[in-house]
Amino acid sequence: MEQEQQQLNELLMIRRRKLEELRNRGVEPFGQKFEADYYSADIIGNFDTLESREVTVAGRLISIRSHGKAAFAHLQDYRGQIQIYLRQDQVGEEQYEIFDFVDIGDFIGVVGDVFKTRKGEVTVNVKKYTYLAKALRPLPEKWHGLKDIELRYRQRYVDLIVNEEVKQTFIDRSRIISAMRELLNEWGFLEVETPIMQTIAGGALARPFVTHHNALDIKLFLRIATELHLKRLLVGGLDKVYEIGRIFRNEGISTIHNPEFTSVEIYQNYADYEDMMKITENLVCQIAQKVFGTGKISFQGKEVDLTPPWPRETMIDVVRKYSGVDFSQISDDQSAFEAARKAGLELDKGLPWGEVLYLFFEEFCEEQLLDPIFVTEFPIEVSPLAKKLPSDPRLTLRFEGFIAGWEIANAFTELNDPIDQRERFEQQLGKREAGDDEAHVMDNDFINALEHGMPPAGGLGIGIDRLVMLLTDNISIRDVILFPTLKPRAGGE
RNA sequence: GGGCCAUUAGCUCAGUUGGCAGAGCACCUGACUUUUAAUCAGGGUGUCCUAGGUUCGAAUCCUAGAUGGCUCACCA
């Protein structure tokens, strides 16, 4: 503690001295509950009715301009900023003197009359003010703000104070998720919660995080998807369910990957992937309308029209369009391999037709899909939980929705044949044994559930973080996650 | 994990060929009762990311490391 004191630099020492001085004068710098009757924005917006009326506002001081026996300052609250005006002859000598110990960053509450200055700025002429909290650290500089990206993520609270657009993004994020819930509830879906800690982490191809339960002395995994539990609920007779929740994947970090992220998965009995397409396009467009008032958004300077219906194209067609290679004319693994080599792709010999097709899609197509589109009929090898196409068992009734080159949604007509499902898991186990630690593990209880009968169903997953990025025009996932995963600094923080 | 780049005052950033560590804002002292990037007069507050090395001398050059960014790989 003493050592901590010694390490404080002069700026911090000065603020602590002011804190002591306030206490010496009988003013408690960390105040009590304070009921404001207006937000700053409401006072400014309703000046005509509030002029000369008394208002109570609370907020953080973000600037002070002192003029001897009077002072101007700006108070920032959740909804904006408002100027306050303090005169010695109005607040009294004692209160005015104590104002000398106020710093930028402090929280105060004020009572005063609303007026307009000569320059026309709506201002509160303070009669009384109260200390709510003293800030012992200075805020970043007033017009460059906080730019250091690392500091912005590590001290998001400061980022939120000084960068208005950052606050707005997270308000928008919250409203996007609310709108999603409202729409799904309105459409008759039931929100449920399934385990985050699981003995088997399935439902996606990814490495899980591992933890340990002491009392049971067992290994537990953090979920990598909500899929398999939600489908168990369809078996149980809950016809329409969804879960919005955190998913954890033990993988690399990038501008579009955070180890923990939020997904929504939606399942509907007696439905198929066509229904899921309708849900996807309506959900995304109506969320945009509810939150931003329009189905046409601007992303990185390009207009994106989210209005349904979005075009549907098969993966084979999309691959033909962007790579010129026509997989409808390629029927065996060997010819697929040769086509890939010819197209300049590096790949292992013996890769099956479906995986080669998918490789073409990833390499040549994904990033070109800027306008909303559903790519359908994914190969079976990469879709172990999706139902086969009746006309072509190499493909599945699966689609992904793409916008701005990003995968936004992933959905299929769910595989409900337990025997087929067991075989798919066994294939995945084969991959696993061959060293692919992201392949599926066998989930016997899930098979057991399917053996009790699961109606035909459509299922859909949407990555909420990427959807928020798209709707708020952010290109880094860290700008839509309040506290993104970072390495701790040496020395711990 | 590979490559490239960055790290200097509370914040935003300069720093030449290796020669005493700089600016603006913030902060401190004083003046000022409608200012608003308030103004005026004065004041530099520092582990130059860390540890070694080269050198008479290192923020600057070299080596290793830390953190971050971009990118490739990875990742539906």
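Per chain, numbering begins at 1; letters A, B, ... match sequence-line order.
On the P atoms, B:rU54 is 47 Å away from B:rU29, given to the nearest whole Å. To the nearest whole angstrom, the two C1' atoms, one in B:rG43 and one in B:rC25, are 16 Å apart. The C1' atoms of B:rG46 and B:rC27 are separated by 15 Å, rounded to the nearest whole Å. As rounded to the nearest Å, B:rU8 and B:rG15 have P atoms that lie 14 Å from one another. Nucleotides B:rC32 and B:rC49, compared at atom C1', are 43 Å apart to the nearest Å. Annotation: B:rA14 and B:rG30 have their P atoms spaced 35 Å apart (nearest Å). Rounded to whole Å, the separation between the C1' atoms of B:rA59 and B:rC20 comes to 14 Å. A distance of about 11 Å separates the C1' atoms of B:rA23 and B:rG44, rounded to the whole Å.
Atom NZ of A:K142 is separated from atom P of B:rU36 by 11 Å (rounded to the nearest Å). Rounded to a whole Å, the CG atom of A:L61 is 14 Å from the P atom of B:rA26. If you take CD1 of A:I14 and P of B:rU45, they are 12 Å apart, rounded to a whole angstrom. The distance from atom CZ of A:R17 to atom C1' of B:rU45 is 12 Å, rounded to the nearest whole Å. The separation between A:I149 atom CD1 and B:rU7 atom P is 14 Å, rounded to whole Å. Separating the NZ atom of A:K147 from the C1' atom of B:rC13 is a distance of 9 Å, rounded to the nearest angstrom. The distance from atom NZ of A:K431 to atom C1' of B:rC75 is 14 Å, rounded to the nearest whole Å. Taking atom CD1 of A:I253 as the reference point, atom C1' of B:rC75 lies 12 Å away to the nearest angstrom.
In this structure, of B:rG69, B:rA26, B:rC11, it is B:rC11 that holds the atom nearest to the side chain of A:L146. When the nucleotides B:rU35, B:rU33, B:rC11 are ranked by their closest atom to the side chain of A:K119, B:rU35 comes out on top. When the nucleotides B:rU33, B:rU12, B:rG69 are ranked by their closest atom to the side chain of A:H144, B:rU12 comes out on top. Checking B:rC11, B:rU35, B:rA26 against every side-chain atom of A:E141, the shortest atom distance belongs to B:rC11. Minimum atom distance to the side chain of A:E251 is reached by B:rC75, of the listed B:rC25, B:rU36, B:rC75. Closest to the side chain of A:P138, out of B:rU33, B:rA26, B:rU45, is B:rA26.
A:Q88 contributes no side-chain N or O that forms a donor-acceptor pair with the base of B:rU33 under 3.5 Å. Remark: the A:E121 side chain and the B:rU35 base include no donor-acceptor N/O pair separated by less than 3.5 Å. Counting atom types as modelled, A:R65 pairs a side-chain N or O with a base atom of B:rU35 as donor and acceptor under 3.5 Å. For A:D89 and B:rU33, a side-chain-to-base donor-acceptor distance below 3.5 Å is present, hydrogens and geometry of angles not being considered. Evaluation of atom-type donor-acceptor distances gives no pair under 3.5 Å for the side chain of A:T123 against the base of B:rU34.
Base pairing of B:rG10 is made with B:rC25, judged by Watson-Crick or G-U wobble geometry with both donor-acceptor distances under 3.5 Å. In this structure B:rU63 sits in a base pair with B:rA51, meeting the Watson-Crick or G-U test at under 3.5 Å. The pairing partner recorded for B:rA58 is none, the criterion being a Watson-Crick or G-U wobble arrangement whose two distances lie under 3.5 angstrom. B:rU33 is unpaired under the criterion used here, namely a Watson-Crick or G-U wobble arrangement in which both key atom distances are under 3.5 Å. Across all strands shown, nothing is found opposite B:rA73 as a Watson-Crick or G-U wobble partner with both distances under 3.5 Å. The pairing partner recorded for B:rG68 is B:rC5, the criterion being a Watson-Crick or G-U wobble arrangement whose two distances lie under 3.5 angstrom. Pairing for B:rG18 is absent, judged as Watson-Crick or G-U wobble with the two contacts each under 3.5 Å.
Counting non-hydrogen atoms of neighbouring residues, nucleotides and ligands closer than 6.0 angstrom, the CE atom of A:M197 reaches no more than 12 such neighbours.
Note: A:F361 and A:F402 meet the aromatic proximity criterion, with ring centroids under 6.0 Å apart.
Residue A:I256 is classed as having no contact, given no heavy-atom separation below 4.0 Å to the nucleic acid. Here A:L11 lies in heavy-atom contact (under 4.0 Å) with a base. Across all strands, A:L486 comes closer than 4.0 Å only to sugar-phosphate atoms, never to a base (heavy-atom distances). Contact annotation for A:R398: base contact, defined as any heavy-atom pair under 4.0 Å involving a base atom. Counting non-hydrogen atoms under 4.0 angstrom, A:T255 reaches the backbone sugars and phosphates but no base. Nucleic acid contact class of A:E400 (heavy atoms, under 4.0 Å, all strands): base. A:E438 comes within 4.0 angstrom of sugar-phosphate atoms only, judged by non-hydrogen atoms across all strands, and of no base. Within 4.0 Å of A:K116, counting heavy atoms only, lies no atom of the nucleic acid at all. Among the heavy atoms of the strands lying under 4.0 Å from A:A206 are primed sugar atoms or P, OP1, OP2 only; no base atom is included. Across all strands, A:F378 comes closer than 4.0 Å to no nucleic acid atom at all (heavy-atom distances).
One distance of note links CZ of A:R246 with OG1 of A:T262; it measures 4.5 Å at 0.5 Å rounding. In this structure, the separation between CG on A:N250 and CZ on A:R207 is 7.0 Å, given to the nearest 0.5 Å. Distance check: A:E265 CD to A:L230 CG gives 6.0 Å after rounding to the nearest 0.5 Å.
A salt bridge does not link A:R249 to A:E438: none of the charged nitrogens lies less than 4.0 Å from a carboxylate oxygen. In summary, A:D443 and A:K231 do not engage in a salt bridge, as defined by a charged side-chain N under 4.0 Å from a carboxylate O. Salt-bridge formation is not detected for the pair A:R79/A:D77: no Lys NZ or Arg NE/NH1/NH2 atom is positioned less than 4.0 Å from an Asp or Glu carboxylate oxygen. Salt bridge absent: A:D317 and A:K321 never bring a charged side-chain N and a carboxylate O closer than 4.0 Å. Ion pairing of A:R152 with A:D479 is present here, as a side-chain N (NZ or NE/NH1/NH2) and a carboxylate O approach within less than 4.0 Å.
Proximity of A:R118 to the phosphate of B:rU35: a side-chain N or O atom is located under 4.0 Å from OP1 or OP2. Side-chain N/O atoms of A:K18 include one lying less than 4.0 angstrom from OP1 or OP2 on B:rC28. Distances shown here put a side-chain N or O of A:R154 below 4.0 Å from the OP1 or OP2 atom of B:rG68. Neither OP1 nor OP2 of B:rC75 sits under 4.0 Å from any side-chain N or O of A:R466.
Comparing A:G145 and A:Y358 by the nucleotide of RNA chain B whose heavy atom lies nearest to each, the residue mapping closer to the 5' end is A:G145. Taking for each of A:L385 and A:H74 the nucleotide of RNA chain B with the nearest heavy atom, the 5'-most of the two is the partner of A:H74.
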